[in-house]
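Note sheet for the following structure.
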Amino acid sequence: MPEGRRRREGLAERSVLELHGGQASPRQDQLAEEVPVALVYDDAPYAVMMASPGDLEDFARGFSLTERGLDKDDLLGIEVQPELEGWRITLSTRDPVAFDARNLPGRSGCGLCGSRELEDVLRRPVQVGQGPVISAQALESALDALQQRQPLNAATGALHAAAWCDTNGKLRLVREDIGRHNALDKLVGAMQQQGLSPTDGFALITSRASYEIAMKAATAGITFIAAVSAPTALAVDLAQACGLTLVGFARPGRQVVYSHPRRFGGAI
C-alpha cells in the first residue's frame, strides 16, 4: 500500500473544546480510529480484534503466522472488506480441515485472542535461530529515525509502532496500530510479503514488551527485539527459554538487556 494512503487511514476528526488558563476554544481534533476487525478462515469465524484500519492485509498475514503458525504458502487468498460495523478479513487456507475455528465475536485486541485453555495461552515457540549481533549504535540510530516514521501517532498521540531494522539500524518497515501486538503482527505480515528474513535484522517497538510480544516475535523467527518500555517477567522467561534477545528501556545512551546478551554488541 502506498505510504500516502497509510498516512490518511486510521484518522478521524471530532469537535472538542480546549481549555487554556480558563479560556475555552472550540476546535477540530484528530483522533485514532479503533474498529472491530473480524478474521474468518475458510468461512469459519475465528476472532474479532480491535485494531486500526490500515494495513489490514499485513495484519492478517502476521496474525495468521504468530497465532496460527500459518506461513505465506499456507494462505491461498486474503480478502479485506469494509462492513457497516467494521472490517472483515476472509482467508482461505491450504488445509482448512486442520483449522480450529474458535468463533469468538467481540474479542478485544488483547493479544491472546480468547484462548480457551491455559496451555493455549502459555505455549512455547521453537528456538529461534542464531541471528546477527546488533550494536548499541545501530539500536540508537533506529530509535532516532523512528521518531519521524509515526505519522498517525504524531497526529493523535494514541498509536504504537513496530519497526523492522537492518543490522546498521536503518528502518526498513514501520507499522502503526492502537494495539502494540497488532502493530507487531502488521510488521510481521509486511516482512513476510516483502520477503525480509527475520534473522537479518531486529525489531523495535514503542511499547512495553509483554508476554504476547515476545511470543509473537519468537514465533515469527525474530531473534532480537527491543522495546522502549519495560518487559514483563513472563516475557523475559519466555525469551530466555526460546533464545530470543530481549532489550527493554531502549533509550539514547541507555538499554537494559534481559536475555541472551550475546547478540547485543558490547554487552559481554
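Values below: all heavy atoms of this structure, side chains included; hydrogens, waters and symmetry mates excluded. On a predicted model such as this, the values are computed, not experimentally measured, just so you know.
- For A32, the side-chain contact (heavy atoms from CB on, under 4.5 Å) partners two or more places apart in sequence, or in a different chain, are T156, A158, L159, I178.
- Atoms CG and CG, on L143 and L171 in that order, are 9.0 Å from each other to the nearest 0.5 Å.
- Judged by distance alone, the side chain of S141 and the main-chain N or O of Q137 form no donor-acceptor pair under 3.5 Å.
- In the hydrophobic clustering of this structure, V256 does not group with I134; members are Ile, Leu, Val, Met, Phe, Trp, Tyr whose side-chain heavy atoms approach within less than 4.5 Å, directly or through other members.
- In this structure, E18 places its CD atom where more than 12 heavy-atom neighbours from other residues, nucleotides or ligands lie under 6.0 Å away.
- Looking at every heavy atom in both residues, A239 comes nearest to L246 through CB-CB, 4.0 Å.
- In this structure a side-chain-to-backbone donor-acceptor pair under 3.5 Å is missing from S15 to Q28.
- By the 4.5 Å heavy-atom criterion applied to side chains, V37 and I89 are counted as neighbours.
- The hydrophobic cluster containing L204 does not contain V128, counting ILVMFWY residues as joined when their side-chain heavy atoms lie under 4.5 angstrom apart, directly or transitively.
- The two residues A138 and S135 come nearest to each other via the heavy atoms N-OG, 3.0 Å.
- Judged as a side-chain contact (heavy atoms from CB on, under 4.5 Å), and not counting sequence neighbours, the contacts of Q130 are R262.
- In this structure, CG on D74 lies 11.5 Å from CG on L91, to the nearest 0.5 angstrom.
- Contact check for P198 versus M191: side-chain heavy atoms found under the 4.5 Å cut-off.
- Minimum heavy-atom separation, S207 to A227: O-CB, 3.3 Å.
- The structure places CE of M49 at 12.0 Å from CG of L56, a figure rounded to the nearest 0.5 Å.
- Defined by atom type and a distance below 3.5 Å, a donor-acceptor pair is missing between the side-chain atoms of T93 and R68.
- The backbone N or O of N153 sits less than 3.5 Å from a side-chain atom of E176, completing a donor-acceptor pair.
- Note that OG of S64 is 6.5 Å distant from CD1 of I78, once rounded to the nearest 0.5 Å.
- In summary, D55 and R175 engage in a salt bridge, as defined by a charged side-chain N under 4.0 Å from a carboxylate O.
- D73 and R94 are not joined by a salt bridge, as no carboxylate oxygen comes within less than 4.0 angstrom of a charged side-chain nitrogen.
- In this structure the side chain of F59 never reaches within 4.5 angstrom of the side chain of W87, judged on heavy atoms.
- No side-chain heavy atom of K216 sits less than 4.5 Å from a side-chain heavy atom of V188.
- Closest of all the heavy-atom pairs between G265 and V133 is N-CG1, 3.6 Å.
- Judged as a salt bridge (charged side-chain N to carboxylate O under 4.0 Å, His left out), and not counting sequence neighbours, E79 has no contacts.
- Residues meeting the ring pair (Phe, Tyr, Trp, His ring centres under 6.0 Å) test with F224, sequence neighbours left out: F202, F264.
- Chaining together hydrophobic side chains whose heavy atoms lie under 4.5 Å apart places L17 alongside L19.
- Across all their heavy atoms, A250 and A226 have their closest contact at CB-CB, 4.3 Å.
- How far CD of Q30 is from CG of L152: 9.0 Å, rounded to the nearest 0.5 Å.
- With contacts defined as side-chain heavy-atom distances shorter than 4.5 Å, the pair P231/R208 does not qualify.
- Note on V174: it does not cluster hydrophobically with I205, by side-chain heavy-atom contacts below 4.5 Å among ILVMFWY residues.
- Legend: ring-ring contact (aromatic ring centres under 6.0 Å, His included) pairs involving residues 228-253, not counting sequence neighbours: none detected.
- Annotation: side chain of T206 is in contact with side chain of Q150 (closest heavy-atom distance under 4.5 Å).
- Residues passing the salt bridge (charged side-chain N to carboxylate O under 4.0 Å, His left out) test with E85, sequence neighbours excluded: none.
- Considering only residues two or more places apart in sequence or on other chains, R88 meets the salt bridge (charged side-chain N to carboxylate O under 4.0 Å, His left out) condition with E83.
- Surrounding NZ of K72 are more than 12 heavy atoms belonging to other residues, nucleotides or ligands, all under 6.0 Å away.
- With a 4.5 Å cut-off on side-chain heavy atoms, D200 and D166 do not count as touching.
- By the rule that hydrophobic residues join a cluster once side-chain heavy atoms approach within less than 4.5 Å of another member, V228 and I225 end up as members of separate clusters.
- Side-chain heavy atoms closer than 4.5 Å link hydrophobic residues (I, L, V, M, F, W, Y) into clusters, and following such links, possibly through other members, connects I222 to V236.
- Listed by first then second residue, pairs satisfying ring-ring contact (aromatic ring centres under 6.0 Å, His included) with a partner in residues 136-163 number zero, not counting sequence neighbours.
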Worked verdict on I213 versus H181 for side chain to side chain contact (heavy atoms under 4.5 Å, CB included): CA-CA 6 Å; I213 289 290; H181 47 84; 4.2 Å; yes
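- Contacts classified as side-chain hydrogen bond (donor to acceptor under 3.5 Å, both in side chains) and involving residues 189-198 (residues at least two apart or in different chains) are given here: R61-Q193, S197-T199.
- Among residues two or more places apart in sequence or in another chain, the salt bridge (charged side-chain N to carboxylate O under 4.0 Å, His left out) test is passed with D29 by R27.
- Between P45 and V40, the shortest heavy-atom contact is N-CG1, 4.0 Å.
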Worked check of salt bridge (charged side-chain N to carboxylate O under 4.0 Å, His left out) between R180 and E212: CA-CA 10 Å; R180 60 189 184 278; E212 75 272 18; 3.0 Å; yes
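- A donor-acceptor contact closer than 3.5 angstrom is absent between the side chains of S92 and D42.
- Put simply, the side chain of L196 reaches to within 4.5 Å of the side chain of R172, judged on heavy atoms.
- At a cut-off of 3.5 Å, with distance as the only test, no side-chain donor of E34 or S52 sits close to an acceptor on the other residue.
- Among residues at least two apart or in separate chains, side-chain hydrogen bond (donor to acceptor under 3.5 Å, both in side chains) pairs with a member in residues 229-256 are E140-Q255, T245-R263.
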